[in-house]
Amino acid sequence: KYGLLLPQGFLYGLPKNPVKARDKIVKIAKLAEELGFNSIWVVDHFIPYPFITSDNVFEAWVLLSYLASVTTNIRLGTLVSCNLYRFPTVLAKMASTLDVLSNGRLEFGIGACWYWEEFSRYGISYFKFKQRVEMLDEALQIIKLAWIKDEVTFKGKYYSVKNLILEPKPKQKPHPPITIGGSSKTLLKVIAKHANKWNFMGSLNDLENKYSMLLRICKSVRKKCDISVSYLVWAV
C-alpha cells in the first residue's frame, strides 16, 4: 500500500498565498485519490522545519478535516501527531469526530514529540525524552479507553480523568488504527503495547534490526504481534 505525505507550507513547494496553497494541497490530495494511493498524510508542525521562517504552515487536524470534505475514499492520517500539543481526551474527541465525519477513514498517528523550537515559540511545556514517552503511554491508554468505553476514569502519573464521556465513538471498530512513529527502545515498548502500525524513518538495515527488536518486545506484552510497518521515503 502507498501513502502520500502532503506539503503543508511554502518551504514544501506551496505558494506563499495561503488560499492558493490550500487549493494546491486539495489538488494534490484529489490527484492522489484518483491515482489509487491508499492514504494521504500530514505532519503535526506549527512552524516550518528544518528552516525556521515566517512562512505558512497549515495545522494538521484542521487541514485533515478539510481534506475529508473534498475526498471520498482515500484514508487520512497524521504522521504523526505530537501528544503534548493536545490533552489526550481532547485529541481522542477530535479523532473520533473526524473518523465519523470521514466515514471511517482516519489513520490515527501519534508520537512522543521532538521539535523543541516549536514548544518554545508556542509556550508549551517541554519534557525530557523519558517523560515524553511515559506521557505518550498514558495518553494512549486514555484515548483507547475513551473510544470504546461508555465512561472512563483514569489516574496516572501525568494524566488523570474522572467520569469521561466521549461521543460519538469512532466509526471504525474497535477504534481507528493507531500508527506510532519512532525507534528508540523505550518507544518501541509503547509501540508494542499500543500500535497497530509502526512508522519508521532511516536505513533499511536499521529497519530490519529495529523490527526484530520490536517483535521480541511485542511477544512479551501482547498475545498477537500483528503490527504492520510503514517506511517513510522523502522525495524532493
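Quick caveat: nothing in here was measured; it's all calculated off a predicted structure.
Using modelled atom types and a 3.5 Å distance limit, the side chains of Tyr85 and Glu118 yield a donor-acceptor pair. In summary, the side chains of Thr53 and Asp55 do present a donor paired with an acceptor at a separation below 3.5 Å, with no hydrogens or angles considered. Counted by atom type alone, Thr71 and Arg105 present one or more donor-acceptor pairs between their side chains at under 3.5 Å. A donor-acceptor pair shorter than 3.5 Å can be found between the side chains of Ser230 and Asn199. Between the side chains of Ser183 and Trp198, no donor-acceptor pair of N or O atoms lies under 3.5 Å. Judged by distance alone, the side chains of His175 and Lys144 never bring a donor and an acceptor atom under 3.5 Å apart.
Within a 6.0 Å sphere centred on NZ of Lys223, heavy atoms belonging to other residues, nucleotides or ligands number 12 at most. Shown here is Glu167, whose CD atom has more than 12 heavy atoms of other residues, nucleotides or ligands within 6.0 Å. Applying the 6.0 Å contact sphere to CG of Asn163 captures more than 12 heavy atoms from other residues, nucleotides or ligands.
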Note to self: I'd like to know whether Glu138 forms a salt bridge (Lys or Arg N to Asp or Glu O under 4.0 Å) with Lys157, so could you lay out the CA-CA distance, the side-chain angles of the two residues, the decisive distance to 0.1 Å, and finally the verdict.
What the structure shows: CA-CA 8 Å; Glu138 283 192 11; Lys157 180 179 178 181; over 6 Å; no
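Nearest approach of Val70 to Lys30, heavy atoms of both residues: O-CE, 3.3 Å. Across all non-hydrogen atoms, the minimal contact from Ile191 to Gly182 is CD1-O, 3.6 Å. Between Ala146 and Lys169, the closest heavy-atom pair is O-NZ, 2.7 Å.
Inter-residue side-chain proximity for Arg222 and Lys193 is flagged as unmet; no heavy-atom pair is nearer than 4.5 Å.
Cluster membership for Phe37 and Leu106, using ILVMFWY side-chain heavy atoms within less than 4.5 angstrom, is shared. Under the 4.5 Å side-chain heavy-atom criterion for Ile, Leu, Val, Met, Phe, Trp and Tyr, Ile165 and Met94 are members of distinct hydrophobic clusters.
A salt bridge links Asp44 with Arg86: the distance from a Lys NZ or Arg NE/NH1/NH2 to an Asp or Glu carboxylate oxygen falls below 4.0 Å.
Separation of atoms CD1 (Ile74) and CD (Glu107) is listed at 11.0 Å; rounding is to 0.5 Å. Remark: Leu101 CG to Ser96 OG distance equals 9.0 Å, nearest 0.5 Å.
The backbone N or O of Asn38 sits nowhere less than 3.5 Å from a side-chain atom of Arg75 that would complete a donor-acceptor pair.
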